[in-house]
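Everything below concerns the one structure shown next.
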There are 2 protein chains.
Amino acid sequence: MSDAALDREFRIPPPPPGAEVPEPLPEPGRDEIRLEAVMAALSDPLRIGVVRKLLLESVDFDHTCTWFGLERPKSSLTHHFRTLREAGLVRQRQYGPSRRNQVRIADLKARFPGLLALIADWTPAE
Amino acid sequence: MSDAALDREFRIPPPPPGAEVPEPLPEPGRDEIRLEAVMAALSDPLRIGVVRKLLLESVDFDHTCTWFGLERPKSSLTHHFRTLREAGLVRQRQYGPSRRNQVRIADLKARFPGLLALIADWTPAE
DNA sequence: CAAGTAGTACGAGAGAATTCGTACCAGTGG
DNA sequence: CCACTGGTACGAATTCTCTCGTACTACTTG
C-alpha cells in the first residue's frame, strides 16, 4: 500500500477541539531519527505488529498500551513501547494515568518515504 | 607485492561468460524472505553500508568481501555477510577461492517495494 | 610442491536485548 | 480514605549478537 493510500484511508483525526493535549514524552527530533535504529526497533515481531496495528486501526486519536491486547506482562510492554518511542516510530503522551501512542506518520513519511507502506503490508509469520 | 598480486588487486574480473555462473549459496526463496529478518540485518551500520555500497557501486558485477575495504577481521566479515545472505538481502556465489556478493534486487523490489530506495539513501552517522 | 589468497568453522568473551517478577506511583471513582 | 486502573523503575536471568583469535580448507600462482 502506498503512502498516499495510507493518507486517504487511515489518517489519524486531529485531537478533539478544546481537548488538552499533553506534551510528548522525550523523543528524537525528525532529523535525529536513524534508519538503523528504526530497523532495529522493527526487527521484533511484537513491535512491528504494534506499529502496523496503529497504522491500520487507529480510528481514534491514539491508544493505550493495553488496547493492543498483547498477552505480555506490563513491564515487557513498557520496554517495547519505550523502544519504539526512542527509535522515533511512535509518539507517547501522558493522559492522566495512561500513556497513549500514535505513529509519527508525518515525520516518518518525510524522512523515510515508503517505510510506512512496508510496515502496513507486513503480516506475522504463520 | 608481486606483479601478479598487483594484477589481482586492481583487476575487476569480468562477469563469467554464460554457463560458468556457480549456483548461489543456500538462501531463502523470494517468498520466504521475512521483513523482520531484513530489518534485523539492516540494523547494523556495517551491514546496511555494505548493501548500500553494493547498490550504488556495483550494478553490473558482484564483489568479494574484501572489495569493500572494511577493516575488520575476516571472521567478522564472514559473520556479517552470512547474516545478509540468510536474511535474503544478498546472494553469494563461490568463484574459485573467493565468494562474491550481489544484492537480490529483483526479489527485494518485488517483495518490499521502496526498501532499496531507503537503503540507497542511508548515510552513516557522523 | 610451496607460498599466497580468500575464505570457513569453532569457540570464547563482552555487551546488548528480551523477558518478567516485584515493588511502586499517579489518577479516578466509589 | 480505599481500591482499582494503567502504567513506571529496577534488577535478575536468559538469550542473542557482535567481535575476534585461532586453526583450517580450497584454489591459484610461481
Side-chain angles (χ1 to χ4, degrees), chain A residues 19-20 22-27 34 36-50 60 62-87 89-101, chain B residues 1-13 16 20 22-27 34 36-50 61-87 90-101:
Chain A
E20 286 188 20
E23 282 301 298
L25 273 66
E27 64 183 23
R34 296 289 312 164
E36 313 92 283
V38 167
M39 296 285 193
L42 295 175
S43 68
D44 185 292
L46 184 143
R47 289 195 294 256
I48 194 174
V50 161
D60 291 327
D62 44 9
H63 291 280
T64 65
C65 296
T66 51
W67 171 78
F68 298 87
L70 300 165
E71 309 218 334
R72 302 289 181 95
K74 294 185 293 181
S75 51
S76 295
L77 296 183
T78 296
H79 162 69
H80 287 296
F81 279 90
R82 183 177 54 221
T83 300
L84 288 172
R85 173 170 52 86
E86 291 177 348
L89 281 157
V90 307
R91 174 163 293 149
Q92 294 186 293
R93 287 189 167 92
Q94 194 81 35
Y95 286 85
S98 67
R99 189 166 286 196
R100 288 169 180 275
N101 304 275
Chain B
M1 188 181 288
S2 69
D3 287 345
L6 278 172
D7 276 351
R8 284 191 298 277
E9 177 79 11
F10 295 105
R11 183 188 58 194
I12 297 183
E20 296 182 19
E23 282 303 296
L25 274 64
E27 64 183 21
R34 296 289 314 164
E36 314 93 282
V38 167
M39 298 285 193
L42 295 175
S43 68
D44 185 291
L46 183 141
R47 289 194 296 254
I48 194 173
V50 160
F61 309 149
D62 42 1
H63 289 279
T64 66
C65 298
T66 51
W67 171 79
F68 297 87
L70 300 165
E71 308 219 335
R72 303 290 181 94
K74 293 185 293 180
S75 52
S76 296
L77 297 183
T78 295
H79 162 69
H80 288 297
F81 280 91
R82 184 178 51 222
T83 300
L84 288 171
R85 173 170 51 87
E86 291 177 348
V90 308
R91 173 163 294 148
Q92 294 186 293
R93 288 190 167 92
Q94 195 81 35
Y95 287 85
S98 67
R99 187 167 288 195
R100 290 167 180 274
N101 303 274

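Chain letters run A, B, ... following the sequence lines, proteins first, then strands; residues in each count from 1. Predicted model, so just to flag it, every value in this text is computed and none were measured.
Residue L84(A) contributes atom CG, which lies 10 Å from atom P of dT18(C) at whole-angstrom precision. Atom CG of N101(A) and atom P of dT8(D) are 9 Å apart (whole Å). Here dA17(C) presents its C1' atom at 18 Å from CE of M39(B), a figure rounded to the nearest Å. In this structure, R99(A) atom CZ and dA26(C) atom P are separated by 13 Å, rounded to whole Å. Atom CD in Q92(B) sits about 16 Å away from atom P in dA6(C), given to the nearest Å. In this structure, CZ of R47(A) is placed 9 Å from C1' of dT18(C), rounded to the nearest angstrom. The distance from atom CZ of R82(B) to atom C1' of dT19(D) is 13 Å, rounded to the nearest whole Å. Rounded to an integer number of Å, the gap from CG of L25(B) to C1' of dG7(C) is 11 Å.
Comparing K74(B) and T83(B), the nucleotide of DNA chain D nearest to each residue sits closer to the 5' end for T83(B). For the pair S76(A) and T78(B), both in contact range of DNA chain C, the more 5′-proximal nearest nucleotide belongs to T78(B).
Formation of a donor-acceptor pair under 3.5 Å by the R93(A) side chain with backbone atoms of R100(A) is not found in this model. A donor-acceptor contact shorter than 3.5 Å links the side chain of R85(A) to the backbone of P26(A). Formation of a donor-acceptor pair under 3.5 Å by the R91(B) side chain with backbone atoms of P24(B) is not found in this model.
Side-chain proximity of D44(A) to the nucleotides dT19(D), dT19(C), dG7(D) is greatest for dT19(C). Comparing dT18(C), dG6(D), dC18(D) against the side chain of S98(A) picks out dG6(D) as the nearest. Checking dG21(C), dT19(D), dT19(C) against every side-chain atom of P73(A), the shortest atom distance belongs to dG21(C).
E36(A) is not listed as a side-chain neighbour of R47(B), based on a closest heavy-atom distance of 4.5 Å or more.
A donor-acceptor contact under 3.5 angstrom links the side-chain atoms of S75(B) to the base of dG21(D).
At a threshold of 4.0 angstrom between heavy atoms, the contacts of H80(A) are confined to the sugar-phosphate backbone, with no base atom among them.
Phosphate contact (OP1/OP2 of dT18(C), side-chain N/O of R72(A), threshold under 4.0 Å): absent.
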Worked verdict on L70(A) versus V50(A) for side chain to side chain contact (heavy atoms under 4.5 Å, CB included): CA-CA 9 Å; L70(A) 300 165; V50(A) 161; 3.7 Å; yes
